[in-house]
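Nothing here was measured: the structure is a model prediction, and the numbers come from that model. Each chain gets a letter, A, B and so on, in the order the sequences are listed, and its residues count up from 1.
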Amino acid sequence: MGEDAKSLNFIEHIIEEDLENGYGKNELRFRFPPEPNGYLHIGHASSICLNFGLGLRYNAPVNLRFDDTNPAKEEKEYVEAIKKDVEWLGFKWDTERYASDYFQQLYDWAKQLIKEGKAYVDSQTSEEMAEQKGTPTEPGKESPHRNRTVEENLRLFEGMKNGEFEEGKHVLRAKIDMTSSNMLMRDPIMYRVLHKPHHRTNTDWCIYPMYDWTHGESDYIEQVSHSLCTLEFLPHRELYNWFLDQLVATDKLRPKQREFARRNLSHTVVSKRKLLQLVESGVVNGWDDPRMPTISGLRRRGYTPESIRNFSETIGIAKRENVVDVSLLEFHVREHLNKIAPRVMAVLNPLKVVITNYDEGKEEWLDAENNPEDESAGNRKVPFSREIFIEKEDFREEANRKFFRLKLGGEVRLKNGYIIKAESCTKDTDGNITEVQCTYDPKSKSGSGTEESLRKVKGTLHWVSVQHAIEAEVRVYDRLFTDATPDGHKDKDFMEFVNKDSFQKVTGYLEPSLKDVKVGDRFQFQRLGYFNVDSDSSEGNLVFNRTVTLRDTWAKLEQKTKQ
RNA sequence: UGACCCAUGGUGUAAUUGGCAACACAGCUGGUUUUGGUCCAGUCGUUCUAGGUUCGAGUCCUAGUGGGUCAACCA
């Protein structure tokens with residue numbers, strides 16, 4: 001297919017090079033390593049698509065590995081949510097792993113390092129150690145405990161493991177180089193004492209390994225060939241390699257860490273901490289609020305896995321700072337939904353139209369195409385009657401020729417129905433238009449083939465029969481932030497840019513074919529946008545979310561003339 | 001006053017590894033259309049700067065400029 005014609009990203013170049021230099025194709029293996037301390041977001045989606053995409057491309061296994069070395073922050077609830085998200089995106093992992101599966105092996109290796117004089121127990125406070133650590137421009141100083149005997153180190157480390165010491169009393173450190181220009185090489189901590197139950201190992205352990213000691217070794221145990229992470233781990237690579245140097249057997253594959261830039265999305269924030277802040281401050285209603293850039297939020301909003309995968313593919317992967325415009329994400333969801341979403345008619349801001357020359361009590365069921373992009377989608381019937389709703393914005397008493405919609409004395413096509421002409425309108429005491437009286441041309445019925453039905457009128461409106469309409473709650477969402485880079489301002493907090501109009505609840509009037517929709521069903525409300533059925537929906541109480549609007553060149557035109 | 005990473009249209013990514021700067025989005029102009037949607041066509045660049053190597057540099061070298069990362073018992 002066109003797959004091979006596609007240009008390679010820098011990670012793929014590295015892999016191709018490794019393949020040329022002796023890696024066997026069956027040696028390739030990847031992993032996606034989330035920490036189960038929060039929900040996955042669109043940035044993770046890029047990493048998921050990268051790792052699992054590589055697996056697909058090279059027919060290599062990809063493990064799902066939970067990086068669960070900190071029991072203070074990690075929970076089972078997150079494990080389940082993460083698995084659901086990865087599956088929903090459409091990927092299958094080879095095996096489900098946990099860093100905690102390797103606690104014993106890691107512990108044994110740590111003892112080995114102690115015996116080889118490459119690790120020691122330090123018994124200072126974290127403040128003391130921080131002081132000795134130096135700064136990026138000054139070297140650090142060695143700990144007074146650095147040269148404890150192997151026996152003492154072993155004894156203390158075992159004591160740590162057996163719960164003989166309280167938290168903070170001792171740590172195990174790698175003995176590397178306190179003068180290194182890389183702060184991470186200044187005798188990094190490998191283990192700390194933590195008297196906390198772990199979501200998998202419960203109270204088996206009183207010591208927990210740190211990230212740097214765990215990650216590379218887990219890659220090694222799983223024989224991951226390419227361990228891909230974000231740019232901030234670049235300085236960790238030296239340490240990653242140092243730890244591997246102490247253990248790797250020559251007949252086994254040695255994992256390689258490579259770093260890529262995390263993807264940022266405009267008009268939102270992509271950081272667990274900030275997303276948590278949005279949740280806890282009540283700005284949004286939870287991690288799966290349809291305005292959240294979490295996978296669960298996007299799913300609830302009506303995004304499709306395909307659209308997110310295509311988005312990830314399009315933005316690619318590189319090493320420079322970036323802010324991807326959210327309009328690219330919106331493009332991909334429109335592109336996909338345009339192909340698959342059935343068209344229906346719904347009015348969100350109703351204005352009653354009475355067709356004065358249409359018989360009272362009469363109704364007709366008109367033919368309507370379900371999807372002009374997909375002939376196999378078939379047709380349905382929509383009821384027409386004397387009184388219909390149209391959108392308030394679709395009528396003006398008078399307007400210039402650029403306004404293609406209904407105006408007094410003007411004609412417009414009712415989608416799938418007749419051509420109508422506005423004759424008059426009535427207003428309330430405040431001057432608001434409350435009703436429009438129209439006449440219709442009985443010979444102009446859509447699809448009837450008559451000369452009148454073929455007449456070209458500039459505007460076509462969606463509508464819904466008043467007596468047949470069903471009501472639904474419609475949640476109209478917009479971007480969560482008013483600024484393209486809410487967290488990119490040094491002097492301002494990102495919370496200042498929250499869009500107060502990002503959510504609006506309205507009552508919609510829908511054509512009756514929508515009576516039996518199911519949670520998750522996606523539709524195009526014609527001329528308005530794409531909507532899906534929210535999980536809050538229940539029998540007789542429909543709730544829809546607006547996924548995204550249609551492209552709206554009219555709105556742009558209006559915007560321009562206002563300025 | 002250190003080490004390391006990065007720099008290509010408004011945005012994101014490419015460029016057969018030194019050989020005509022390409023693709024997508026956004027914007028703008030038109031055309032088609034019973035969705036102001038879709039679709040189609042056109043349009044928008046001194047590859048951060050200055051030197052150098054070379055027949056030829058986005059790509060290699062040197063210097064500079066700008067941005068980022070690094071001092072958690074977090075990952």
Side-chain angles (χ1 to χ4, degrees), chain A residues 6-9 13 33-35 37 67-70 72-74 122 125-126 129-131 133-140 167-173 180-184 186 189-194 207-208 210-212 214-215 229-238 259 261 263 266 272 311 313-332 334-335 338-339 343 345 369 372-373 402-405 412-417 419 446-447 453-462 484 524-529 549-557:
Chain A
K6 191 189 78 82
S7 58
L8 305 180
N9 63 45
H13 278 296
E35 182 189 10
N37 71 341
D67 232 327
D68 56 349
T69 57
N70 186 356
K73 295 203 283 183
E74 294 150 6
D122 201 346
T125 64
S126 57
M129 284 194 280
E131 217 169 288
K133 196 132 198 189
T135 69
T137 53
E138 308 159 50
E167 293 185 9
K169 197 80 181 160
H170 304 288
V171 292
L172 184 73
R173 290 229 256 171
S180 171
S181 62
N182 183 347
M183 299 283 292
L184 290 155
R186 324 242 262 225
I189 293 172
M190 295 170 68
Y191 277 95
R192 75 283 213 192
V193 174
L194 245 33
I207 53 171
Y208 290 93
M210 300 286 289
Y211 167 84
D212 287 299
T214 309
H215 204 92
C229 59
T230 46
L231 237 36
E232 72 265 30
F233 288 98
L234 200 151
H236 294 246
R237 188 150 116 194
E238 194 180 355
E259 310 80 15
R263 315 328 321 250
S266 78
K272 273 187 204 169
F311 168 73
E313 182 67 28
T314 306
I315 63 178
I317 208 78
K319 292 175 80 168
R320 54 175 169 170
E321 294 285 309
N322 61 82
V323 182
V324 182
D325 200 306
V326 70
S327 64
L328 187 55
L329 215 210
E330 292 172 344
F331 163 80
H332 281 285
R334 284 193 190 105
E335 183 191 45
N338 176 50
K339 289 191 197 112
R343 273 57 170 172
M345 293 197 285
E369 201 179 9
E373 304 294 316
K402 282 198 174 161
F403 185 80
F404 301 160
R405 288 113 99 135
V412 90
R413 158 75 64 184
L414 293 176
K415 179 78 185 171
N416 306 313
I419 293 172
S446 289
S453 75
L454 269 14
R455 267 177 59 212
K456 300 281 179 205
V457 266
K458 193 65 188 165
T460 301
L461 305 186
H462 64 278
Q524 184 195 98
F525 288 1
Q526 268 178 131
R527 299 211 304 136
L528 296 177
T549 61
L550 256 29
R551 255 184 93 226
D552 193 347
T553 48
W554 166 246
K556 270 180 220 151
L557 233 182

Quiz item: To the nearest Å, how far apart are A/R186 CZ and B/A3 P?
Solution: 13 Å
Quiz item: At under 4.0 Å between heavy atoms, what does A/L550 touch on the DNA or RNA strands: base, sugar-phosphate, or nothing?
Solution: base
Quiz item: At under 4.0 Å between heavy atoms, what does A/N416 touch on the DNA or RNA strands: base, sugar-phosphate, or nothing?
Solution: base
Self-check item: Rounded distance in Å between the P positions of B/C44 and B/U38
Solution: 23 Å
Quiz item: Is the backbone of A/Y208 close enough, under 3.5 Å, to the side chain of A/R192 for a donor and an acceptor to pair up by distance?
Solution: yes
Quiz prompt | RNA chain B: 5'-proximal contact among A/K415 and A/T137 (nearest heavy atom) | solution = A/T137
Practice problem: For B/C25, give its Watson-Crick or G-U wobble partner with both distances under 3.5 Å, or none. | Solution: B/G10
Practice problem: Indicate, with a heavy-atom threshold strictly under 4.0 Å, whether A/S446 touches base, sugar-phosphate, or nothing. | Solution: base
Exercise. Under 4.0 Å between any heavy atoms, over every strand shown, what does A/F311 touch: base, sugar-phosphate, or nothing? Just pick one.
Key: nothing
Quiz item: Separation of A/Q526 atom CD from B/G36 atom C1', in whole Å?
Solution: 13 Å
Quiz prompt | Per-nucleotide protein contact string for nucleotides 38-43 of chain B (B base, S sugar-phosphate only, - none; heavy atom under 4.0 Å) | solution = S-----
Quiz prompt | Per A/D67 side chain, nearest of listed nucleotides B/U34, B/G12, B/A75 | solution = B/A75
Practice problem: Under 4.0 Å between any heavy atoms, over every strand shown, what does A/V457 touch: base, sugar-phosphate, or nothing? Just pick one. | Solution: nothing
Quiz prompt | Integer angstrom distance from the P of B/G68 to that of B/U62 | solution = 25 Å
Exercise. Would you indicate, yes or no, if B/C5 has its OP1 or OP2 atom less than 4.0 angstrom from a side-chain nitrogen or oxygen of A/K319?
Key: no
Quiz item: Looking across every strand, which nucleic acid part, if any, lies under 4.0 Å from A/K272 by heavy atom: base, sugar-phosphate, or nothing?
Solution: nothing
Quiz item: Is there a donor and acceptor pair closer than 3.5 Å between the side chain of A/E369 and the base of B/U34?
Solution: no
Quiz item: To the nearest 0.5 Å, how far apart are NZ in A/K458 and CZ in A/F403?
Solution: 14.0 Å
Practice problem: Any strand is fair game: report the nucleotide pairing with B/G19 by Watson-Crick or G-U wobble, both distances under 3.5 Å, or none. | Solution: B/C55
Quiz prompt | Between P of B/A24 and CG of A/L328, the distance in whole Å | solution = 12 Å
Practice problem: Mind calculating the distance between CD (A/E321) and P (B/C6) to the nearest angstrom? | Solution: 12 Å
Quiz item: With respect to the side chain of A/T553, which nucleotide from B/U35, B/G36, B/A3 is positioned closest?
Solution: B/G36
Quiz item: Counting side-chain heavy atoms from C-beta on, which of B/C6, B/G36, B/C28 comes nearest to A/K556?
Solution: B/C28
Quiz item: If you look at every strand shown and take non-hydrogen atoms under 4.0 Å, does A/L184 touch a base, only sugar-phosphate, or nothing?
Solution: nothing
Quiz item: What are the two closest heavy atoms between A/R173 and A/M129, and how far apart are they?
Solution: NE-SD, 3.6 Å
Quiz item: With sugar-phosphate meaning primed atoms plus P, OP1 and OP2, does A/H13 contact a base, only sugar-phosphate, or nothing at under 4.0 Å between heavy atoms?
Solution: base
Quiz prompt | Heavy-atom pair of closest approach, residues A/S446 and A/L414 | solution = OG-O, 4.4 Å
N/O contacts under 3.5 Å, protein versus nucleotides 71-74 of chain B?
| residue | atom | partner | partner atom | Å |
| --- | --- | --- | --- | --- |
| B/C73 | N4 | A/Q124 | O | 3.3 |
| B/C73 | N4 | A/G168 | O | 2.8 |
| B/C74 | OP2 | A/R192 | NE | 3.0 |
| B/C74 | OP2 | A/R192 | NH2 | 2.8 |
| B/C74 | O3' | A/R192 | NH2 | 3.3 |
| B/C74 | O2' | A/N70 | ND2 | 3.1 |
| B/C74 | O2' | A/K73 | NZ | 3.2 |

Quiz item: If the C1' atom of B/C55 is compared with that of B/A63, how far apart are they to the nearest Å?
Solution: 26 Å
Quiz prompt | 5' precedence on RNA chain B between A/L528 and A/A318 (nearest-nucleotide basis) | solution = A/A318
Exercise. Measure from the side chain of A/H236, starting at C-beta and using heavy atoms only, and say which of B/G2, B/U34, B/A75 lies closest.
Key: B/A75
Quiz item: Is there a donor and acceptor pair, one atom on the side chain of A/R405 and one on the base of B/G36, closer than 3.5 Å?
Solution: yes
Quiz item: Contact class for A/G459 vs. all strands (heavy atom < 4.0 Å): base, sugar-phosphate, or nothing?
Solution: nothing
Quiz prompt | Under 4.0 angstrom between A/K456 side-chain N/O and B/U34 OP1 or OP2 | solution = yes
Quiz item: Step by step, would you call A/T314 with A/F331 a side-chain contact (heavy atoms from CB on, under 4.5 Å)?
Solution: CA-CA 11 Å; A/T314 306; A/F331 163 80; over 6 Å; no
Quiz item: Taking O4'-C1'-N9-C4 for purines and O4'-C1'-N1-C2 for pyrimidines, is B/U53 syn (within 90° of 0) or anti?
Solution: anti
Quiz item: What is the nucleic acid contact for A/Q524, judged by heavy atoms within less than 4.0 Å: base, sugar-phosphate only, or nothing?
Solution: base
Quiz item: At under 4.0 Å between heavy atoms, what does A/P372 touch on the DNA or RNA strands: base, sugar-phosphate, or nothing?
Solution: base
Quiz item: A/E138 has an atom CD; how far is it from atom P of B/A3, in whole Å?
Solution: 15 Å
Quiz prompt | B/G10 versus B/G31 - spacing of their P atoms, nearest Å | solution = 28 Å
Quiz item: Quick one: do the A/N182 and A/S180 side chains pair a donor with an acceptor below 3.5 Å?
Solution: no
Practice problem: Go through B/A24, B/C6, B/A3 for me and flag the one nearest to the A/S181 side chain. | Solution: B/A3
Exercise. Take atom C1' in B/C61 and the same atom in B/A72, then report the distance between them in whole Å.
Key: 41 Å
Quiz item: Whom does B/G45 pair with, Watson-Crick or G-U wobble, provided both distances fall under 3.5 Å?
Solution: none
Quiz item: Is there a Watson-Crick or G-U wobble partner for B/A3 with both distances under 3.5 Å, and if so, which one is it?
Solution: B/U69
Quiz item: Got a donor-acceptor pair under 3.5 Å from the side chain of A/R527 to the base of B/U35?
Solution: no
Quiz item: Looking across every strand, which nucleic acid part, if any, lies under 4.0 Å from A/N322 by heavy atom: base, sugar-phosphate, or nothing?
Solution: sugar-phosphate
Quiz item: Who is the Watson-Crick or G-U wobble partner of B/C39, with both distances under 3.5 Å?
Solution: B/G31
Exercise. Just say parallel, tilted or perpendicular for the rings of A/H236 and A/Y211, cut-offs at 30° and 60°.
Key: perpendicular
